[in-house]
Amino acid sequence: MAANVVVLLQSENGRRLVREKCAAAGLDITVLERLIDAELDHVGKLRKRGITGDFDELDEED
């Protein structure tokens, strides 16, 4: 994952906070990281055509 893009994930304290919030929401942090990666793959595109499919793929894998 491109953690250097998400400032909150750069430090251990930030990662701990994200893990806590993910756990409270019933979300595995790796799923969040994969969603961020899917979003980052579409940065700069005029249209994010295909991002829904990327998200659906993540849902099917878990």
key: Partner set under side-chain contact (heavy atoms from CB on, under 4.5 Å) for I29, not counting sequence neighbours   =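 With sequence neighbours excluded, I29 shows a side-chain contact (heavy atoms from CB on, under 4.5 Å) to R15, V18, R19, C22, E33, given in chain and number order.
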query = Looking at CG of L32 and CG of D37, how far apart are the two atoms once the value is rounded to the nearest 0.5 Å?
reply =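 Reported value, rounded in 0.5 Å steps: 10.0 Å.
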request  = Please determine, by modelled atom types, if S11 and N13 share a side-chain donor-acceptor pair under 3.5 angstrom.
outcome  =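 Per modelled atom types, S11 and N13 side chains form no pair under 3.5 Å.
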